[in-house]
Amino acid sequence: RKRETAETMARRQREISVAEFFQKNRHLLGFDNPAKALLTPTKEAVDNSLDACEEGGILPKLDIAIEELSEDRFRLSITDSGPGIVRAQIPKIFGKLLYGSKFHVLGQSRGQQGIGISAAGMYSQLTTGQPLRITSRTGAKKPAHFFEIQMDTARNDPKVLTHREVEWDVEHGTRVEM
């Protein structure tokens, strides 16, 4: 076998996106088997909803629906009564791993500090080819925004497929569907 030099070894080095890493190591995020692959996104979305309601001083109201589309395909949707999410933040929160507000806060909180809901969306995208669907409104007199988002796993960046203002009979809150 030919001996390697530092220069030949250096030519093979490259940066790995955190999303690309977790794409290849899904088990590290809690997607080990089909049951956990449904439980993990549900728990992450519920944790985020409860955190947002608590932080906003809002009594939480959550609507959770799991629809069986086929033997091994499900649709999960969670709607909360939280403060909603500012339009500009929606793509980053749901389409970029390690983006969030909890990581630098001292103290115990639910969730995985910026990995949870975006990882759930990434897993959903990888297994179904479908984007995440998010609707959010920050107040009764503010517009509701609907997004369809996919994650570019090579760059760990959100790709907005659809964004539009929609009619939504919720005063404030967020709905996530995957």
Side-chain angles (χ1 to χ4, degrees), residues 18-19 22 29-31 37-69 74-128 130-152 156-178:
V18 68
F22 283 123
L29 295 172
F31 302 106
L38 190 56
L39 176 67
T40 298
T42 305
K43 180 188 174 311
E44 289 304 323
V46 167
D47 284 348
N48 286 357
S49 293
L50 292 174
D51 284 346
C53 288
E54 181 179 12
E55 200 171 324
I58 299 166
L59 183 65
K61 179 178 183 253
L62 281 71
D63 181 32
I64 303 164
I66 300 174
E67 280 180 81
E68 186 173 9
L69 303 176
F74 298 88
R75 177 181 296 127
L76 168 66
S77 66
I78 297 184
T79 306
D80 68 39
S81 62
I85 302 170
V86 175
R87 179 184 50 83
Q89 294 292 92
I90 292 172
K92 295 174 196 161
I93 289 170
F94 294 96
K96 186 175 187 74
L97 291 179
L98 297 177
Y99 185 89
S101 62
K102 296 184 210 171
F103 186 77
H104 297 285
V105 177
L106 296 175
Q108 188 69 21
S109 72
R110 293 173 283 269
Q112 296 185 24
Q113 288 83 28
I115 291 183
I117 199 67
S118 54
M122 179 184 71
Y123 182 79
S124 173
Q125 173 186 315
L126 292 172
T127 57
T128 69
Q130 297 298 308
L132 251 68
R133 292 173 180 83
I134 300 104
T135 306
S136 193
R137 172 183 252 157
T138 59
K141 296 181 194 279
K142 307 264 177 110
H145 293 273
F146 171 79
F147 281 86
E148 288 183 317
I149 297 170
Q150 286 189 323
M151 181 185 291
D152 177 341
N156 188 31
D157 271 330
K159 182 178 178 184
V160 176
L161 304 178
T162 303
H163 170 241
R164 65 180 177 267
E165 289 184 11
V166 295
E167 293 295 320
W168 197 31
D169 62 353
V170 171
E171 191 173 310
H172 52 77
T174 301
R175 174 185 167 88
V176 180
E177 183 181 307
M178 61 184 86

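Note that CD1 of I58 is 12.0 Å distant from CG of L50, once rounded to the nearest 0.5 Å. Separating the CD1 atom in I90 from the CZ atom in F147 is a distance of 5.0 Å, to the nearest 0.5 Å. We find the CG-NZ distance between N48 and K43 to be 9.5 Å, quoted to the nearest 0.5 Å. Remark: E67 CD to R75 CZ distance equals 5.0 Å, nearest 0.5 Å. Remark: E148 CD to T162 OG1 distance equals 3.5 Å, nearest 0.5 Å.
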* Could you walk me through whether R175 and V170 pass the side chain to side chain contact (heavy atoms under 4.5 Å, CB included) check? -> CA-CA 10 Å; R175 174 185 167 88; V170 171; over 6 Å; no
* Could you walk me through whether W168 and T79 pass side chain to side chain contact (heavy atoms under 4.5 Å, CB included), step by step? => CA-CA 12 Å; W168 197 31; T79 306; 3.9 Å; yes
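S118 approaches I93 most closely through the heavy-atom pair CB-O, 3.7 Å. Taking both residues in full, the closest heavy atoms of G139 and H172 are given as N-CB, 4.1 Å, listed atom of the first, atom of the second, then distance. Residues P91 and I149 share a closest heavy-atom pair of CA-CD1, 3.5 Å. Residues K96 and N156 come closest through the heavy atom pair NZ-O, 3.1 Å.
The closest side-chain heavy-atom distance from R133 to T135 is not below 4.5 Å. For the pair I117 and M178, the minimum side-chain heavy-atom distance is below 4.5 Å. Between S124 and Q130, the closest side-chain pair of non-hydrogen atoms is not below 4.5 Å.
Of the possible donor and acceptor atoms, one in the side chain of Q125 sits under 3.5 Å from a partner among the backbone N and O of M151. The closest donor-acceptor contact from the side chain of R137 to the backbone of K142 lies under 3.5 Å. Between the side chain of S136 and the backbone N or O of G173 there is at least one donor-acceptor pair closer than 3.5 Å.
Partners of H145 by ring pair (Phe, Tyr, Trp, His ring centres under 6.0 Å), not counting sequence neighbours, listed by chain and number: H163. Listed by chain and residue number, nothing satisfies the salt bridge (Lys or Arg N to Asp or Glu O under 4.0 Å) test with E68 (two or more places apart in sequence, or in another chain).
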Using distance only, find each side-chain donor-acceptor pair of residues 80-88 under 3.5 Å and give its atom names and separation, not counting sequence neighbours.
residue	atom	partner	partner atom	Å
D80	OD1	G82	N	2.9
D80	OD1	T174	N	3.1
D80	OD2	S49	OG	2.9
S81	OG	L59	O	3.1
S81	OG	K61	N	2.8

